[in-house]
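Side-chain atoms are counted along with the backbone in the values below, which use heavy atoms only and exclude waters and symmetry mates.
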Amino acid sequence: MTDSCVIKPPVFYPGSLAVLISTENADGTTNLAPMSSVWTIGETVMLGLQTAGQSYRNLTDRPDFVLNYPSEDLWPQVERLAPLTGADPVPPHKAEQFRTERDKFTAAGLTPRPADLVTAMRVAECPLQVECRARTVRPAGELGLGVVEAQLLRVHAHPDIVEDDLRHIRVDAWRPLFYVFRHYIQRGPELGRNFRAANTVGAGVTGRQ
Ligand SMILES: Cc1cc2nc3c(=O)[nH]c(=O)nc-3n(C[C@H](O)[C@H](O)[C@H](O)COP(=O)(O)O)c2cc1C
């Protein structure tokens, strides 16, 4: 197929990973929120967040946060967090569909665990947990949206997705959760490898980055 047509999608989320962001509330508790506008390169992390949300507000005052990457089996917990906000009152544009929740861990059935370098709690069930600190938090060009640039500080991983060298992820064992046009999707089998991935299948190490 090479034909195309012009469309007007109500949302444009062609597919990225679902992430749970932990940020610190003013009272020292941790707010937890699903997000998907996250990318990393080198030790820089970029986030796209609604400025009316509690996560963005927290980051403007307290720059520490954790990105918790859920595996595909955790999609019900992610969706339990979806209609919640830590903001009180609920921002007007969300009033019909959202409610305020201060204890998101209990609401989602997830377990808080202290981080090493930042104040926000990690999510114990998430196989990858990344401690970060915001460098800049600013409104984006579009009204109501903010952009956060942050420093990656420390990566925690469940042992069952890590190679013995404690550096590489076992890609065959890592089952990330994708968010695609508001649907939760799981990964499929490996299709191929980048020329820079070490091809060590058979040597006891697979899926090297
Ligand atoms: C899977 C998923 C991905 C989301 N991605 C984002 C995102 O990238 N940025 C954002 O601002 N909101 C995103 N949202 C919406 C927020 O989770 C929602 O606004 C939530 O109420 C924010 O909580 P908070 O106000 O406590 O920060 C996403 C929601 C879901 C379920």
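Minimum heavy-atom separation, Asn31 to Gly86: OD1-CA, 3.5 Å. When all heavy atoms of His158 and Val162 are compared, the closest pair comes out as O-CG2, 3.4 Å. Residue His168 comes nearest to Asp165 through the heavy atom pair ND1-OD2, 2.6 Å, listed as atom of the first residue, atom of the second, then distance. Closest of all the heavy-atom pairs between Ala26 and Asn58 is N-OD1, 4.5 Å.
Leu32 and Met121 fall within a single hydrophobic cluster, where Ile, Leu, Val, Met, Phe, Trp and Tyr side chains are chained together by heavy-atom contacts under 4.5 Å. A continuous path of hydrophobic side-chain contacts links Ile185 to Leu128 [ILVMFWY only; heavy atoms under 4.5 Å].
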### Test log, rule side chain to side chain contact (heavy atoms under 4.5 Å, CB included), inputs Glu131 and Asp116
CA-CA 8 Å; Glu131 299 187 38; Asp116 294 344; 3.5 Å; yes
### Task
For the pair Asn25 and Gln54, evaluate side chain to side chain contact (heavy atoms under 4.5 Å, CB included) and give the outcome as yes or no after the intermediate values.
CA-CA 8 Å; Asn25 293 315; Gln54 188 66 24; 3.5 Å; yes
### Message
Under the criterion side chain to side chain contact (heavy atoms under 4.5 Å, CB included), I'd like the reasoning laid out for Glu125 against Val123: C-alpha separation, chi angles, the key distance, then a yes or no.
### Response
CA-CA 6 Å; Glu125 288 82 358; Val123 178; 3.8 Å; yes
### Task
Give the C-alpha distance, both sets of side-chain angles, the deciding distance and a yes or no for side chain to side chain contact (heavy atoms under 4.5 Å, CB included) between Arg113 and Asn68.
CA-CA 11 Å; Arg113 182 150 298 167; Asn68 305 276; over 6 Å; no
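Atom CH2 of Trp39 sits about 14.5 Å away from atom CG of Leu17, to the nearest 0.5 Å. In this structure, CG on Asp64 lies 9.0 Å from CG on Leu117, to the nearest 0.5 angstrom.
The main-chain N or O of Gly144 is found under 3.5 Å from a side-chain atom of Thr51 such that the two form a donor-acceptor pair. Formation of a donor-acceptor pair under 3.5 Å by the Arg187 side chain with backbone atoms of Glu72 is not found in this model. Side-chain N or O atoms of Arg138 include none that pairs as donor or acceptor with a backbone N or O of Gly146 at under 3.5 Å.
Inter-residue side-chain proximity for Val66 and His156 is flagged as unmet; no heavy-atom pair is nearer than 4.5 Å.
Atom CG of Asp164 is surrounded by 12 or fewer heavy atoms from other residues, nucleotides or ligands within 6.0 Å.
Classification of the Tyr179-Tyr184 ring pair by plane angle, with boundaries at 30° and 60°, yields tilted.
In summary, the side chains of Thr44 and Arg135 do present a donor paired with an acceptor at a separation below 3.5 Å, with no hydrogens or angles considered.
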